[in-house]
Asker: 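To start, I am sharing the structure in question, which I have written as structure tokens.
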Amino acid sequence: MKNTVKFVMIAATALSITSCGNDKKNNNEGEDALVEERMVDEQEMEGMDHMDGADMDHSMHTDAEMKTDDAALSFEDENVAAVWKAYNSVRLALIASDPAKAKQEAANLAMIFDESNAKLKSAASAIASSEDLKVQRTAFSQFSNAAEAYFKGTLNSGTLYKQHCPMAFDGKGGDWLSNEAAIKNPYYGDQMLTCGSVTATITK
């Protein structure tokens with residue numbers, strides 16, 4: 001009987017030792033798994049950081065490409081180049097809904113023309129003679145319609161984008177010219193900045 005009890009105690013002790021060993025092994029395996037998970041997470045984070053950097057580089061590259069439109073745009077006639085520069089300044093002022101700036105830039109625009117371009121001079125003067133955005137935008141639309149052929153005739157290089165907002169002027173629609181494909185609406189500014197689409201391109 002004593003031998004049987006002793007044998008059972010030894011067996012129980014051995015089983016207990018074996019069980020602890022397994023638990024320790026399991027703990028070690030769990031710790032190893034956690035370490036591996038942390039390493040994978042760190043690698044994934046590094047990959048995401050790399051992707052973020054790549055995306056940022058791509059974004060910067062895209063922005064740079066957008067800026068090259070203006071640099072590539074040139075005209076055979078210096079006066080036409082000056083008209084484009086002033087016209088674009090008026091466009092940007094209207095996008096910013098800045099009537100004072102639009103008036104100032106339109107005055108510079110009107111001064112370039114003589115009576116041989118009376119229609120363009122009149123439209124530019126109409127912008128320059130008012131600080132009412134609605135009046136300025138109406139005159140800008142008239143100028144844009146008349147200026148398309150004017151710019152097209154002497155374009156030397158680059159691309160002009162003819163853009164259209166269907167909601168301008170109570171749904172009648174309005175056109176303008178831009179040196180970039182991205183829509184920046186001069187008839188609504190921040191209210192509907194991206195309302196519109198490219199309807200034609202003028203290239204050389």
Asker: Nearest 0.5 Å please: distance from the CG atom of Asp132 over to the CD1 atom of Ile127.
Answerer: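 Going from CG on Asp132 over to CD1 on Ile127, the span is 12.5 Å.
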Asker: Membership question, hydrophobic clusters at under 4.5 Å side-chain separation (ILVMFWY): are Ile112 and Phe75 in the same one?
Answerer: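 Looking at the clustering, Ile112 is in the same group as Phe75.
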Asker: Just by modelled atom types, is the Phe113 backbone N or O under 3.5 Å from a matching donor or acceptor in the Lys121 side chain?
Answerer: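 Such a contact is found between Lys121 side chain and Phe113 backbone.
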Asker: Do Asp114 and Ser116 have side-chain N/O donor and acceptor atoms under 3.5 Å apart?
Answerer: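 Yes, side-chain donor-acceptor contact under 3.5 Å.
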Asker: Should Leu133 and Met192 be regarded as members of a common hydrophobic cluster, given that ILVMFWY residues are connected when their side-chain heavy atoms come within less than 4.5 Å of each other, either directly or indirectly?
Answerer: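 Linked, Leu133 and Met192 end up in one cluster.
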Asker: So, the side chain of Gln136 versus the backbone of Ala102: is there a donor-acceptor pair under 3.5 Å, distance only?
Answerer: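 No; judged by distance alone, with no hydrogens or angles, the pair does not exist.
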Asker: With a 4.5 Å cut-off on side-chain heavy-atom distances among I, L, V, M, F, W and Y, is there a chain of contacts connecting Ile183 to Leu177?
Answerer: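 In one cluster with Ile183: Leu177, yes.
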Asker: Taking atom NE2 of His164 and atom OG of Ser144, what is their separation to the nearest 0.5 Å?
Answerer: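 Going from NE2 on His164 over to OG on Ser144, the span is 12.5 Å.
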Asker: If we ignore hydrogens and angles and just use 3.5 Å, is the side chain of Asp98 paired with the main-chain N or O of Leu94 as donor and acceptor?
Answerer: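 The answer is no, because no donor-acceptor pair under 3.5 Å joins these two groups.
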Asker: When you group the ILVMFWY residues by side-chain heavy-atom contacts below 4.5 Å and let the links chain together, are Ile202 and Val83 in the same group?
Answerer: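 Yes, because Val83 and Ile202 connect within a single hydrophobic cluster, where side-chain heavy atoms sit under 4.5 Å apart.
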Asker: How close do Asn185 and Cys165 get, heavy atom to heavy atom, and via which atoms?
Answerer: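 So the two residues come closest at ND2-SG, 3.2 Å.
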Asker: Looking at Tyr187 and Met167, would you say the former's side chain and the latter's main chain have a donor-acceptor pair under 3.5 Å?
Answerer: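 Checking the backbone N and O of Met167 against the side chain of Tyr187, no donor-acceptor pair under 3.5 Å is found.
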Asker: With no hydrogens and no angle check, is any side-chain donor or acceptor of Asn117 less than 3.5 Å from a backbone partner on Leu120?
Answerer: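 No: the side chain of Asn117 does not pair with the backbone of Leu120.
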Asker: CZ/Phe143 to OG/Ser125 distance, rounded to the nearest 0.5 angstrom?
Answerer: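 With rounding to 0.5 Å, CZ (Phe143) is 10.0 Å from OG (Ser125).
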Asker: Sub-3.5 Å donor-acceptor pair from the side chain of Ser122 to the main-chain atoms of Lys119, do we have one?
Answerer: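 No: the side chain of Ser122 does not pair with the backbone of Lys119.
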Asker: Between the side chains of Tyr188 and Ser97, does any donor sit under 3.5 Å from an acceptor?
Answerer: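 Side chains of Tyr188 and Ser97: no pair found under 3.5 Å.
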Asker: Under a 3.5 Å threshold, yes or no: a donor from one side chain and an acceptor from the other, between Thr203 and Thr159?
Answerer: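 No pair is found: no donor N or O on one side chain lies under 3.5 Å from an acceptor on the other.
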Asker: Does the distance from a Lys or Arg side-chain N to an Asp or Glu carboxylate O, for Lys162 and Glu148, drop under 4.0 Å?
Answerer: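 Yes.
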Asker: Quick one: CD on Glu76 to CG on Leu155, what's the gap to the nearest 0.5 Å?
Answerer: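 Glu76 atom CD to Leu155 atom CG measures 8.5 Å (nearest 0.5 Å).
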Asker: Do Ser89 side-chain atoms and Lys85 backbone N/O form a donor-acceptor pair below 3.5 Å?
Answerer: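 Yes.
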Asker: Parallel, tilted or perpendicular, judged at 30° and 60°: which one describes the rings of Tyr87 and Phe140?
Answerer: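 Parallel.
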Asker: For a side-chain contact (heavy atoms from CB on, under 4.5 Å) check, start with the C-alpha distance between Val90 and Asn108, then their side-chain angles and the critical distance, and finish with the verdict.
Answerer: CA-CA 10 Å; Val90 174; Asn108 295 333; over 6 Å; no
Asker: Considering all heavy atoms of both residues, which atom of Pro166 and which atom of Gly196 are nearest to each other, and what is their separation?
Answerer: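 Scanning both residues, the minimum pair turns out to be CD-CA, 4.4 Å.
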Asker: Can a donor-acceptor pair be found, under 3.5 Å and without considering hydrogens, that links the side chain of Arg91 to the backbone of Trp176?
Answerer: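 Not confirmed, Arg91 side chain does not pair with Trp176 backbone.
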Asker: Are any side-chain N or O atoms of Asn179 and backbone N or O atoms of Leu160, one a donor and one an acceptor, separated by less than 3.5 Å?
Answerer: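 No.
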Asker: State yes or no: do Leu109 and Ile95 share one hydrophobic cluster built from I, L, V, M, F, W and Y residues joined by side-chain heavy-atom distances below 4.5 Å, directly or via other members?
Answerer: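 Different clusters: Leu109 never reaches Ile95 through Ile, Leu, Val, Met, Phe, Trp or Tyr contacts under 4.5 Å.
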Asker: Is there a donor-acceptor pair under 3.5 Å between the side chain of Gln163 and the backbone N or O of Ala181?
Answerer: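 It does hold such a pair.
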Asker: Would you name the heavy atoms of Ala128 and Ala106 that are closest together and state the gap between them?
Answerer: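 Heavy atoms only, the tightest pair is N-CB, 3.7 Å.
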